[in-house]
Trainee: 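Below is a structure I'd like to ask you about.
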Protein chains: 2
Amino acid sequence: MDYPPHDTPLPTLADVARLANVSTATVSRCLNSPDQVVGETRKRVMKAVEDLGYAPNFGAKTLAAKQTNTFGAIIPTMENAVFARGIQAFQEELGRHGKTLLIASSAYQEALEEEQIRALAARGADGLLLIGYHRDQAIYDYLRRRSVPYLIAWSYDPAQDQPSIGFDNKSAMADLARLVIQQGHRRIACISAPIVSNDRARDRVEGIRIAMTEAGLDASDLWLIQTPYGIENGSTALRETLAAAPDTTAVMCVNDVLALGALRASKEMGLRVPADISITGFDDIEIASLAEPALTTVHVPHREMGRRAASMLMQMFKRRELPESVRLETDIRLRRSLGPPP
Amino acid sequence: MDYPPHDTPLPTLADVARLANVSTATVSRCLNSPDQVVGETRKRVMKAVEDLGYAPNFGAKTLAAKQTNTFGAIIPTMENAVFARGIQAFQEELGRHGKTLLIASSAYQEALEEEQIRALAARGADGLLLIGYHRDQAIYDYLRRRSVPYLIAWSYDPAQDQPSIGFDNKSAMADLARLVIQQGHRRIACISAPIVSNDRARDRVEGIRIAMTEAGLDASDLWLIQTPYGIENGSTALRETLAAAPDTTAVMCVNDVLALGALRASKEMGLRVPADISITGFDDIEIASLAEPALTTVHVPHREMGRRAASMLMQMFKRRELPESVRLETDIRLRRSLGPPP
DNA sequence: CGCGACAATGTAAACGCTTGCATCGGCGCA
DNA sequence: TGCGCCGATGCAAGCGTTTACATTGTCGCG
């Protein structure tokens, strides 16, 4: 069986019009605003549509109508449950309003993200959801110039002059760090994602430093190690940390997945958590509470964020104005993986 | 700050042509096949493009060129790491060839999936990746009629006359079930996703039945409970199972997430795994080996599947012919969660 | 009975790009 | 010097919609 390029070329509006004995305008109206067409004609047209198996050509439609009912989201990776969940909610909300969501994943590569943003914008997305602030100014200019509404999620920073919905990564992590310090920890290590193009990770690390400084500790004492996303990487990072800084008593990870890896490595090394070493995460993914011991982490309302992001973006498109940025609350989930130092 | 609908309308090919003092044809060629244009002209054109901040209009481009360089994937949910991983690989492979991937998620709803398939097809996707066989025949007809290449992943069933890449869910699960039975289990329960529109789940359940029958057990004795995807749901399902069938000694789950939930519930109920009850999963997601005890499950080469699916689909588009379906091998990862019955 | 208003439909001009074909120089070769 | 060829570029015809505007036919009302 083959896919003839188009042996029977696809039916077009004109074909339908011919068959139904009306003009293309009428067919178009039938499809887009049926109440402008009287019952009998409409029935005839619909039958023709059915018989021909007609489906509108999207490119042509966009070209003529300049609206796609399609929103786009560019996320760093699908393999992170955190984004998956937020985006799922985002899509559900859009769906409720008859909009379609197109997702692209950039695999944490800046160049690729840029390409995808441009692709989605050129494709006429009615609006774009982006993750975090960090990206080339040229992209923002491009988006503004084409007047494509965009919203930044997973970060909230009033200092950044961008419409956004998210939480304050810095202060959330600082809160957690205060708790860690309060438990008596002085030798703290941080396992982070690469911070160079990830403002969320960067802010979280910064949060720890802030709390340390407040407590009279020397922030430059923070042992920092960066590694890509992944359980395995978290494990490796913990081993390296303990090799280089053996007196560490608390390891704060910038996300739960790294923390889970660290947890595993600790156990494999025969360390008891939290008796010998404390470990914390960030995100509160579902398995955080399932781990052994359960992981102390920062809970983030991902679904709420996704849902509200959708509403905001649709508003932006409809009303053509910038919304107020929204700050969501996070809260700390204190679980067994954090305890006093040995 | 506002998003004027288009105060300064976007620059078009014609604008660039005017500024560079060439025809639109030349500009188009500059952008799409630069070697057809001599150096100096090209430079001039590129400068104009730059100055104007020109970006091609995708709709127009598709309309004229009938090729989008875009592939689509419709997955049941992003929240399942299994799909996330496979799709990530799928995208990476496409990216290597300069193609873009658009993803839509159907939240396991048939009607939504259909809508999204149509949307992506109408949008001129060069090819579509679908999950599993189960969907309305009308959709297949539609796709064929529009001659949109499509490939089915995560399932392989020679009986289905569709191009696909995947593994044999039925025999994979049967293999695992044989192992369970071999350990001595006779009272087996199965926690499944809803099987009505999910052939993968259905086949896995069927696999258990086959193994039971082979072993001389009565397949209708299999205690089956269906529940949506999610750890919490897995927990609940386990409790219900044990309430209704208290003599169960092995619980086979159709995916790891449900299994993890079951594991948690067992522990909460004070049962020792596997001493009091054995639990198995399917997929071998990363945390399966991290669980306490580590989960016995079926390992599936998700990334390989994604990567090869991309190649196949690109071939289908280029060569316009149906490929051979590909059957991938799975293998059982025997871990501590499975043991002999008490 | 005639006129205006209005509802239903048709006409045709965009929309922004690609591409087959025509055109135009300039070059090599006899 | 003249011819043919070829590479670079321009011309213009689509591609399949939407939609402003024009046209037609009906109906109610004075």
Trainee: Considering only dT19(C), dT19(D), dT18(C), which nucleotide approaches the side chain of Asn32(B) most closely?
Mentor: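 From the listed options, dT18(C) comes nearest.
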Trainee: Rounded to whole Å, how long is the line connecting atom NZ of Lys66(B) with atom P of dG20(C)?
Mentor: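 So the NZ-P distance, Lys66(B) to dG20(C), works out to 13 Å.
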Trainee: Using whole Å, what does the distance between atom P of nucleotide dA8(C) and atom CD of Glu40(A) come to?
Mentor: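 Atom-to-atom, Glu40(A) to dA8(C), this comes out as 13 Å.
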Trainee: With the side chain counted from C-beta on, respond yes when Thr70(A) and Phe58(A) share a heavy-atom pair under 4.5 Å apart, and no when they do not.
Mentor: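 The answer is yes, as the side chains (C-beta and beyond) meet within the 4.5 Å cut-off.
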Trainee: Expressed as a whole number of angstroms, how long is the span from Lys43(B):NZ to dA8(D):C1'?
Mentor: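 Going from NZ in Lys43(B) over to C1' in dA8(D) covers 17 Å.
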Trainee: Please find out if less than 6.0 Å separates the ring center of Tyr229(B) from that of Tyr108(B).
Mentor: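 Between Tyr108(B) and Tyr229(B), which both carry aromatic rings, the centre distance is not below 6.0 Å.
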Trainee: Among dG16(D), dG10(C), dG16(C), find the nucleotide with the atom closest to the side chain of Ala60(A).
Mentor: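 Among dG16(D), dG10(C), dG16(C), the one nearest the side chain of Ala60(A) is dG16(D).
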Trainee: Are Glu92(B) and Arg96(B) close enough for a salt bridge, meaning some N to O gap below 4.0 Å?
Mentor: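 Here Glu92(B) does not pair with Arg96(B) in a salt bridge, since their nearest N and O are not under 4.0 Å apart.
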Trainee: Across the strands shown, which category fits Phe58(B) at heavy-atom distances under 4.0 angstrom: base, sugar-phosphate, nothing?
Mentor: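 Nothing, no heavy atom under 4.0 Å.
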Trainee: Starting at atom CZ of Arg42(B), determine the distance to atom C1' of dG7(D), rounded to an integer number of angstrom.
Mentor: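 Arg42(B) atom CZ is separated from dG7(D) atom C1' by 14 Å.
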Trainee: Do Leu151(B) and Ile165(B) have side chains that approach each other closer than 4.5 Å (heavy atoms only, starting at C-beta)?
Mentor: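 Leu151(B) vs Ile165(B): side chains touch.
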Trainee: Between atom CG in Leu10(A) and atom C1' in dG16(D), what is the gap in whole Å?
Mentor: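 In whole Å, dG16(D) C1' and Leu10(A) CG are 11 Å from each other.
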Trainee: Of Asp35(B) and Ala65(A), whose closest DNA chain D nucleotide lies nearer the 5' terminus?
Mentor: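 Its nucleotide being nearer the 5' end, the pick is Asp35(B).
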Trainee: Report yes if at least one side-chain N or O of Thr12(B) is closer than 4.0 Å to OP1 or OP2 of dG16(C); otherwise report no.
Mentor: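 Result: no.
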Trainee: Under a 3.5 Å cutoff, is there a donor and acceptor pairing between the side chains of Ser105(A) and Thr77(A)?
Mentor: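 Note: Ser105(A) and Thr77(A) side chains miss the donor-acceptor criterion.
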Trainee: Rounded to whole Å, please give me the gap between CG in Asn57(A) and P in dC17(C).
Mentor: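 Rounded to whole Å, this separation is 16 Å.
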Trainee: When the nearest nucleotide of DNA chain D is assigned to Ala14(A) and to Val38(B) on a heavy-atom basis, which residue is associated with the more 5' position?
Mentor: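 Of the two residues, Val38(B) wins.
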Trainee: Picking from dA8(C), dC17(C), dA12(C), which would you name as closest to the side chain of Ala25(A)?
Mentor: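 So the side chain of Ala25(A) is nearest to dA12(C).
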Trainee: Mind checking if Ser28(A) touches a base, just sugar-phosphate, or nothing, with heavy atoms under 4.0 Å?
Mentor: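 Touches a base.
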Trainee: Leu63(A) side chain: which of dG16(D), dT11(C), dT17(D) is closest?
Mentor: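 Nucleotide nearest to Leu63(A)'s side chain: dG16(D).
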Trainee: Is the distance from OP1 or OP2 of dG10(C) to the nearest side-chain N or O of Thr26(A) less than 4.0 Å?
Mentor: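 For dG10(C), OP1 or OP2 has a side-chain N or O of Thr26(A) closer than 4.0 Å.
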Trainee: Report yes if a side-chain nitrogen or oxygen of Thr24(B) is closer than 4.0 Å to either non-bridging phosphate oxygen (OP1 or OP2) of dT18(C); otherwise report no.
Mentor: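 No, Thr24(B) has no side-chain N/O under 4.0 Å of OP1/OP2 on dT18(C).
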Trainee: Base, sugar-phosphate alone, or nothing: which one does Thr62(A) contact when heavy atoms must sit under 4.0 Å apart?
Mentor: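 Result for Thr62(A) = nothing.
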Trainee: dT9(D) P sits how many Å from Gln36(B) CD, rounded?
Mentor: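 Checked: the CD to P distance equals 10 Å.
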Trainee: What's the CG-C1' distance between Leu13(A) and dC15(D), to the nearest Å?
Mentor: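 Checked: the CG to C1' distance equals 13 Å.
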